[in-house]
Amino acid sequence: MIPYLDLKKINLKYETAFKDAFEDVLHSGWYILGQSVDTFENEYAIFSQTKHAIGVANGLDALILSLKALGVGAGDEVIVPSNTYIASWLAVSFLGATPVPVEPRIDTYNINPDLIEAAITKKTKVIMPVNLYGQAAELESICKIAKKHNLYIVEDNAQSQGASYKEKPAGSWGDINATSFYPGKNLGALGDGGAITTDNEALNKMVKILRNYGSEKKYYNQVKGFNSRLDELQAALLSIKLKSLTEENNERIKWASVYNTELQGVGDLTLPILAPHASSVYHIYQIRTSKRDELMQYLSKNEIGHIIHYPVPPHLQEAYQEMGFIKGDFPIAEEIAQTGLSIPLYPGICQSHVEYVISTIKHFF
Ligand SMILES: *Cc1c(COP(=O)(O)O)cnc(C)c1O
């Protein structure tokens with residue numbers, strides 16, 4: 001069996017360092033929002049080239065707290081990609097605001113900046129680009145549009161730690177940005193975790209208050225906050241993994257280029273394409289084909305793991321029935337859902353596995 005993703009293999013590399021970190025945290029006697037979180041926040045801010053990083057409980061909370069810190073609430077609209085993981089939309093809905101979907105480009109799969117202005121109304125408060133599958137969105141054009149219309153930018157950078165646009169890191173372009181350390185992400189914890197990055201002092205302060213019940217001083221609550229804190233153990237483990245993130249991302253990039261070369265021109269396959277000036281850290285290597293379902297069956301028969309990202313776009317999910325969207329409303333997102341297939345790619349994947357995936361796909365076509 002060739003796994004789609006082998007988290008055990010990824011994490012066992014760090015076994016000795018993880019055990020030492022566990023012992024340190026155990027003996028510190030302090031388990032939430034302490035020295036390890038402080039240290040990791042500083043390191044992640046440096047990595048992201050932002051003034052501040054704030055650890056929170058998970059990526060969805062990072063989005064919710066970012067939007068909340070900007071004052072997003074009922075009556076506001078937030079522009080989101082029609083092609084994304086549903087978390088991007090859910091954060092908006094959670095605050096009582098309305099997600100307004102904009103279609104992606106069919107080649108990069110990221111939100112199409114040319115379509116954003118048509119979606120802006122008097123109620124629009126935020127544009128939320130998602131750096132999807134590991135590739136930075138066209139952040140410069142998107143920021144220009146936001147500036148012109150006096151809107152905030154919140155990047156959803158859950159999938160693209162280490163990617164960049166014009167050499168400037170993903171997760172550093174927005175007024176405030178969110179990321180996730182879910183185990184499967186490029187920087188994955190051994191449990192849930194997330195972070196917010198920003199250069200803005202006031203937003204940094206507000207998010208730190210929001211994540212801890214709305215209080216800065218214990219038992220004195222300035223605002224109605226949340227419990228969304230990063231724990232010491234996850235922070236300590238993330239510090240260890242952050243040191244190798246660039247190396248691991250480079251390995252992903254290397255295998256992606258092998259797939260790019262070997263699968264070029266095979267059948268009717270469409271391979272991932274980068275927008276000019278955008279880099280990708282290949283959180284996901286997605287191919288597309290009109291024979292997607294048959295290819296999936298063939299890969300299963302040949303014991304090759306694979307996943308669809310994502311089988312149902314948010315606008316067609318039962319959870320969003322109340323918005324009244326129907327099939328055909330966002331045809332590009334729907335096309336990606338119908339033809340996209342992600343194949344095995346992760347740091348530490350065996351060359352023989354990559355070769356077998358390639359030869360099996362070639363054999364299918
Ligand atoms: C994973 C993910 C999230 C949510 O992160 P969690 O840590 O699982 O809450 C948000 N947005 C995108 C695009 C994601 O891939």
Side-chain angles (χ1 to χ4, degrees), residues 4-5 7 40 44 53-68 78-95 99 101-102 104 108-111 126-137 139 142 153-163 170-171 173-174 176-197 207 210-211 226-231 234-235 237-238 241 249 252 280-286 307-315 317 319-320 333 336-337 340 342 345-346:
Y4 170 73
L5 174 66
L7 287 178
F40 174 69
Y44 194 71
I54 306 100
V56 295
N58 56 64
L60 176 61
D61 279 6
L63 286 168
I64 292 171
L65 267 63
S66 296
L67 293 168
K68 180 79 182 172
V78 176
I79 291 176
V80 294
S82 55
N83 181 48
T84 181
Y85 180 55
I86 197 169
S88 321
W89 288 43
L90 289 176
V92 176
S93 302
F94 180 85
L95 292 168
V102 166
T108 68
Y109 311 128
N110 271 327
I111 192 166
V126 174
I127 305 173
M128 185 193 287
V130 180
N131 305 310
L132 202 66
Y133 307 153
Q135 180 178 182
L139 293 161
I142 298 167
I153 296 273
V154 176
E155 273 177 79
D156 179 343
N157 195 39
Q159 301 192 355
S160 300
Q161 296 121 353
W173 286 79
I176 184 166
N177 314 292
T179 195
S180 161
F181 306 122
Y182 179 77
K185 309 296 192 195
N186 287 35
L187 180 58
L190 300 191
D192 275 312
I196 290 163
T197 51
V207 164
L210 284 172
R211 75 173 167 182
F226 302 78
N227 172 359
S228 183
R229 303 174 296 217
L230 186 61
D231 64 74
Q234 296 306 335
L237 304 180
L238 286 165
K241 290 187 79 176
N249 281 342
R252 289 173 183 270
S280 177
V281 289
Y282 294 95
H283 173 58
I284 282 164
Y285 188 90
Q286 181 178 254
I307 301 188
I308 300 174
H309 294 101
Y310 298 92
V312 181
H315 71 278
Q317 293 282 0
Y320 276 103
I336 294 165
S342 306
L345 188 153
Y346 55 88

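In listed order, ligands and their atoms are each counted from 1. Owing to the predicted nature of the structure, the values given are computational and were not obtained by experimental measurement.
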Inset, instruction - With sequence neighbours left out, write down each residue that passes side-chain hydrogen bond (donor to acceptor under 3.5 Å, both in side chains) with Tyr285, or none if nothing qualifies. - result: Asn260
Legend entry - Donor-acceptor side-chain pairing of Asn131 and Ser160 below 3.5 angstrom: no
Inset, instruction - Work out which heavy atom in Ser82 is nearest to a heavy atom in Pro313; give both atom names and the distance. - result: O-CB, 4.1 Å
Inset, instruction - Using side-chain hydrogen bond (donor to acceptor under 3.5 Å, both in side chains) as the criterion, list what pairs up with Gln234, not counting sequence neighbours. - result: none
Check: every ligand 1 N/O to protein N/O pair under 3.5 Å:
| residue | atom | partner | partner atom | Å |
| --- | --- | --- | --- | --- |
| ligand 1 | 5 (O) | Ser180 | OG | 3.2 |
| ligand 1 | 7 (O) | Gly59 | N | 2.7 |
| ligand 1 | 7 (O) | Ser180 | OG | 2.7 |
| ligand 1 | 9 (O) | Gly59 | N | 3.2 |
| ligand 1 | 9 (O) | Leu60 | N | 2.8 |
| ligand 1 | 11 (N) | Asp156 | OD1 | 3.3 |
| ligand 1 | 11 (N) | Asp156 | OD2 | 2.7 |
| ligand 1 | 15 (O) | Gln159 | NE2 | 2.8 |
| ligand 1 | 15 (O) | Lys185 | NZ | 2.7 |

Legend entry - Thr179 backbone acceptor or donor facing Asn177 side chain under 3.5 Å: no
Inset, instruction - Could I get the full list of ring-ring contact (aromatic ring centres under 6.0 Å, His included) partners for Tyr310, not counting sequence neighbours? - result: Tyr85
